[in-house]
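This report refers to the structure that appears directly beneath it.
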Amino acid sequence: MSTTFRITFLGTSAAVPTVRRNVSATLVAYQDLKWLIDCGEGTQRQMLRANLGFKNLTRIVLSHEHLDHILGMGGLLATMNMLQPVDEVVVYGNPTVIERVRQMTSYIGRSAQYHLHLQPIDAGLVFTHRQLECYAFPTLHRVKHSYGFVFQEKPRRRFLAEVATALGVPNGPERRLLLAGTSLQTPSGRLVHPDEVLGAEEPGKKLVYISDSAYFPELSTVAAGADCLISEATFLHADATLAAEAGHMTAVQAAMVARDAGVKMLYLNHISQRYAQCESLLLEEARPIFANTHLAHDFDAIEV
Ligand SMILES: [Zn+2]
Ligand SMILES: [Zn+2]
């Protein structure tokens with residue numbers, strides 16, 4: 001299977017940074033686009049340490065206004081304004097997030113060639129890019145509006161190169177026309193329809209990111225069939241009451257979502273610093289419920 005998403009965890013700690021884990025940020029690369037999901041304090045330096053350039057970073061989706069998810073925006077946007085690795089950046093978040101980012105960036109002198117767009121969002125479609133669609137879905141947290149994100153690639157049909165060759169389709173731009181759905185005539189006069197040279201429809205890849213949220217069963221509907229689920233798992237089961245009160249999940253609950261959604265793999269994220277000496281317990285609790293569970297660490301890079 002080919003790689004669709006390249007995901008780098010830049011901050012996997014809840015609320016406060018620790019020596020090993022920075023606060024929330026995840027970078028995803030898809031074709032010629034990169035985007036950040038959340039941007040906690042120190043995210044730009046985490047990107048440098050992960051050897052990730054700012055080139056192609058033109059989208060930033062923010063889950064909610066808690067500072068461990070947005071405080072890195074001022075510094076990151078100041079740097080991007082100065083270095084101009086891209087011409088424009090679009091920041092998406094609920095109206096409170098957008099207002100906080102606007103305040104942070106109000107100190108930055110604007111350079112002419114660089115455009116910053118602050119885009120308030122509701123649940124639903126956030127942006128599209130080539131075959132990709134990004135949707136926001138509501139989570140259950142201690143703020144008015146908090147969102148998780150679904151990154152869904154549209155279904156695609158593979159080009160059957162050998163069939164095309166056998167039908168006499170030249171090896172050139174004609175093939176791109178067929179891929180785009182246009183019929184064409186071969187040099188020998190044979191009319192070739194796209195259906196003859198395209199394979200069966202295959203589902204696109206799906207990546208689901210559950211940001212800060214208490215558990216609720218509908219999360220598994222949102223995550224249904226995902227190739228990869230990244231979920232907050234702030235607490236251990238012993239602290240389940242605390243988790244519910246604080247609007248967070250336990251590792252067990254994240255695993256229940258993964259199991260009920262039938263995802264292919266689960267990464268536990270947004271880990272409380274209180275477990276710094278016993279983090280493996282999160283996996284021990286989750287894996288009996290969903291076997292293919294991993295614990296995200298800062299600078300882990302995965303391909304989906
Ligand atoms: Zn948080
Ligand atoms: Zn929060």
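Only a predicted model underlies this, so the values are computations on that prediction, with no experimental measurement involved. Counting starts at 1 for both ligands and their atoms, following the listed order.
- For a distance bound of 2.8 Å, the N, O or S atoms of His270 include one lying that close to the Zn ion (ligand 1).
- Taking 4.0 Å as the cut-off between side-chain N and carboxylate O, Glu88 and Arg59 count as a salt-bridged pair.
- For the residue pair Arg259 / Thr293, no side-chain donor-acceptor distance below 3.5 Å is found, with atom types taken as modelled.
- Inclusion of Asp68 in the first shell of the Zn ion (ligand 1) is supported: an N, O or S atom falls under 2.8 Å.
- Within His69, the N/O/S atom positioned nearest the Zn ion (ligand 1) carries the name NE2.
- His66 has its closest N, O or S atom to the Zn ion (ligand 2) at the position named ND1.
- Under the 3.5 Å distance criterion, with hydrogens and angles disregarded, a donor-acceptor pair is assigned to the side chains of Thr12 and Arg21.
- Put simply, His248 stays out of reach of the Zn ion (ligand 2), with no N, O or S atom under 2.8 Å from it.
- In this structure, His64 and His69 have tilted ring planes: the angle between them lies in the 30° to 60° band.
- Between the side chains of His248 and Thr234, at least one donor N or O lies within less than 3.5 Å of an accepting N or O.
- Asp212 has its closest N, O or S atom to the Zn ion (ligand 2) at the position named OD2.
- For the Zn ion (ligand 2), the set of nearby N, O or S atoms under 2.8 Å includes one belonging to His141.
- A side-chain donor from one of Asp32 and His129 sits under 3.5 Å from a side-chain acceptor of the other.
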